[in-house]
Amino acid sequence: RFCSGFDFSFGLRHPVPPLSNMPIAEPDVEVPAGDVKKGAKLFKAKCAQCHTIEKGGNAKQGPPLWGIMGRQSGTYDGFAYSEANKNSGIIWSDKHMFE
């Protein structure tokens, strides 16, 4: 949703206004059990060109994702996040990822 400082949730590429530094509540969603094989295929097809997932992985177009769960959005040292991402108030969890 916040890749490269743009909100793609509406299918249009437009700047996202800054939100808030205050943590936001987790979405009220049930996260279904995952499928490791399908998830790996999806990551390879849609995410791997911009993100690494291994410990110590380098930043690409997007930041490395190792250790993202429980981390405040926009806080990985050494990556230039958009203001929207830094101010989103998201602390990454399974519910935020699923949403």
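Please read these numbers as outputs of a predicted model, since none were measured by experiment.
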Rounded distance [0.5 Å steps], CD in E99 versus CG in D28: 10.0 Å
Taking I53 as the starting point, is it possible to reach M97 by hopping between hydrophobic residues whose side chains are less than 4.5 Å apart? yes
Just wondering, do E30 and K95 contact through their side chains at under 4.5 Å, heavy atoms? no
Expected output: side-chain T52 to main-chain E54 donor-acceptor under 3.5 Å: no
Y81 and S73, any side-chain heavy atoms less than 4.5 Å apart: no
Measure the spacing between CZ of F79 and CD of Q61 and express it to the nearest 0.5 Å. 7.0 Å
Answer yes or no: is there a donor N or O on one side and an acceptor on the other, between the side chain of K41 and the main chain of V36, under 3.5 Å? no
Looking at every non-hydrogen atom in both residues, tell me the closest pair between K86 and G74 and how far apart they are. CG-O, 3.7 Å
Once rounded to the nearest 0.5 Å, what's the spacing between atom NZ of K60 and atom NE2 of H51? 9.5 Å
In the single-linkage hydrophobic clustering (I, L, V, M, F, W, Y; side-chain heavy atoms under 4.5 Å), do L65 and Y76 co-cluster? no
I'd like to know if I68 and I24 are part of one continuous hydrophobic network [Ile/Leu/Val/Met/Phe/Trp/Tyr, side-chain heavy atoms within less than 4.5 Å]. yes
Could you tell me which non-hydrogen atom of K46 sits nearest to which non-hydrogen atom of Q49, and how far apart they are? O-NE2, 3.5 Å
D35 atom CG, over 12 foreign heavy atoms within 6.0 Å: yes
Rounding to 0.5 Å, atoms CH2 (W92) and CE (M69) come to a distance of 9.5 Å
Kindly compute the distance separating CD (Q72) from CG (N85), expressed to the nearest 0.5 Å. 9.5 Å
Please enumerate all residues that pass side-chain hydrogen bond (donor to acceptor under 3.5 Å, both in side chains) together with T75, with sequence neighbours excluded. none
Would you compute the distance between atom CD of E26 and atom CG of D94 and round it to the nearest 0.5 angstrom? 6.5 Å
Do the non-hydrogen side-chain atoms of F98 and P32 ever get within less than 4.5 Å of each other? yes
